[in-house]
Amino acid sequence: MVTDLANASPDTLIDLGEISTQAPPGPPRPEVGQASEAHPDSAGEVVFHISALDFYYGDFRAVRDVSVDVEGNEITAVIGPSGCGKSTFIRCLNRMNDLVPGARVEGRIEYHGQDLYGPDVDPIEVRRHIGMVFQKPNPFPKSIYDNVAFGPRVNGIKADMDDLVEESLHRAALWDEVKGKLKQSAFSLSGGQQQRLCIARCIAIRPDVILMDEPCSALDPLATNRIEELMTELKREYTIVIVTHNMQQAARVSDRTAFFTTEVNEQSQRTGVLVEVDRTEKIFTAPTDQRTEDYITGRFG
Amino acid sequence: MERRSTADRLQGRAFQALLLSCLGFGLLCLVVLLVQVVNEGLPRLNLDLLRNFPSSSPGGAGARSAIFGTIWVVGICGLVVVPVGVGAAVYLEEYADTTRWYNRLIEVNIQNLAAVPAIVYGILGLGFLSRGPLNLGFVVLAGSLTLALLVLPIVIITSREAIRAVPNSIRLGAFALGATQWQTIRRQVLPSAVPGIATGSILALSRAIGEAAPLILLGGLTYLTFNPTGLNSPFTVLPIQIFNWISRPQEEFRVLAAAAIVVLLAILISMNALAIFVRNRYQRRW
């Protein structure tokens, strides 16, 4: 998608002003109604409105009846025991599950009011607005520079690539560590640096939302700490949904927490269900559901 | 801890020795062959061999037209087989839905095709390319296409392995950045698979270079005193030239054949060395 300043939406322009005067124009947000015109950012705005979401792998229902709103410029944490469908759930949000043969979604996910699974929605375009960081750092076998430049290049973003790479690495708090070796292989970086590179790569396509699927599970505590600081920094400009196994992490960084658990039916098939979602303080201090309380106090899971 | 019984340990040693001797036997055969061929061909192993055309007088005969023929035939074969083979491999690995019966049928048949004897491809080339529907004649193009059919399954199989070795996390990473499937393949998967594809293609072509049987049927067994000038030119290749010389009664031609075998082996070894070099130089660790 190629954009010039003339048809960039107002929010993008204001956004640019804060970042840097050299920053290239980003693409406009997708058609989202009046909301995005009124606010420079989407704070308090509902970014995802998910209702009665069921997810199937073939005939097997992996996630059942999830209804939740994700608000803009917040970090929403998704917690729960292994196999409860947390990752499956967030992969519905950028349509990564479309890549799995036999995967099927029922129910509705609205992204800024638009049906994410509508017939005229292109999943490629969805992923362009809703970025994703994976569990294990997965840099491309290319230079640090080319890793960051890949997204803008495939999306046809016309910008001064050097500036865009520098800015993205700055925002991912990696610039100072790599500025002298941009042409070196991304594999020369440590695990934590690789993960921040993946975040920079994601930021470079100027997404609206960043999905993180257990981004720190392969990292040591120091690297984890850096990513958590970074997330708090990033939520000023992005909406973040993070899946985590680590309840302390959810408590430290997130604004809202959704707790998923597993239901086992008569055929001993395991289906993920959303138990409750609320402000993080509330979930960790006064959960309404007994299952949540059991999980966070360590009696289960 | 108790020591294992002497019998147990002897058995282990004996087995190890047996395995080593298997390897030794193979190597020994190769060394004997090489020494004998080099020894026999040495008197004629000089530039005249490369410079002169075949001749009825053994003294002035050379393999020039066969060497150029080999370059033509294998070169065109490579130009045809690499794109087609890699394309087929990309389809099978990246696009094909393996739950569909026709894709499984294709898979099984590629394995089978790799095991079909070379002469059968020669018959196919004769019946379909040189004569029959395409009626190309006994020319370079027919020879190249026949060899291409012969090594196509090898290129497909090795390319598929190279493509499969690219971790899925790379594809997911590219998709998550809004890349299309083609962009993902073109910019991430294929570049990462190039070392494996190159290695496999070189090995497939070195197989093609040594083939004589299918080309004999395609008119490669001709006495040529000129180099091929194009796709429509008659041709001969090194293995056939060797075959030709060896079947002559004069002793001098046998020497000539041995010298040509050394040249062919040298080409083969350098191609395989190139394959190993490419593999080691560009090998990726994930």
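Because the structure is predicted, anything quoted here is derived from the model rather than measured. Order of the sequence lines sets the chain letters (A, B, ...), proteins ahead of strands, with each chain counted from 1.
Your options are B/D97, B/T184, B/T180, B/L172, and the one with the most heavy-atom pairs under 4.5 Å with chain A is B/L172.
Within 6.0 Å of OH in A/Y57 there are more than 12 heavy atoms belonging to other residues, nucleotides or ligands. At most 12 non-hydrogen atoms from other residues, nucleotides or ligands lie less than 6.0 angstrom from CZ of B/F25.
Considering all non-hydrogen atoms of both residues, B/L177 and A/N155 come closest at O-ND2, 2.9 Å. Residue A/R201 comes nearest to B/G173 through the heavy atom pair NH2-CA, 4.0 Å, listed as atom of the first residue, atom of the second, then distance.
In this structure, A/N138 contributes its side chain and B/I170 its backbone to no donor-acceptor pair below 3.5 Å.
Of the inter-residue distances, the one linking A/K142 atom NZ with B/S192 atom OG reads 6.5 Å to the nearest 0.5 angstrom. Put simply, CD on B/Q183 and CZ on A/F150 are 6.5 Å apart, with the number rounded to the nearest 0.5 Å. If you take CZ on B/F175 and CG on A/D98, they are separated by 11.0 Å, rounding to the nearest 0.5 Å.
Scanning for side-chain contact (heavy atoms from CB on, under 4.5 Å) contacts around B/F277 gives B/R281, with sequence neighbours left out.
Both the backbone and the side chain of A/I124 come within contact range of chain B, with heavy atoms under 4.5 Å apart. Interface remark: A/R95 contributes no atoms to any contact with chain B (heavy atom separation under 4.5 Å).
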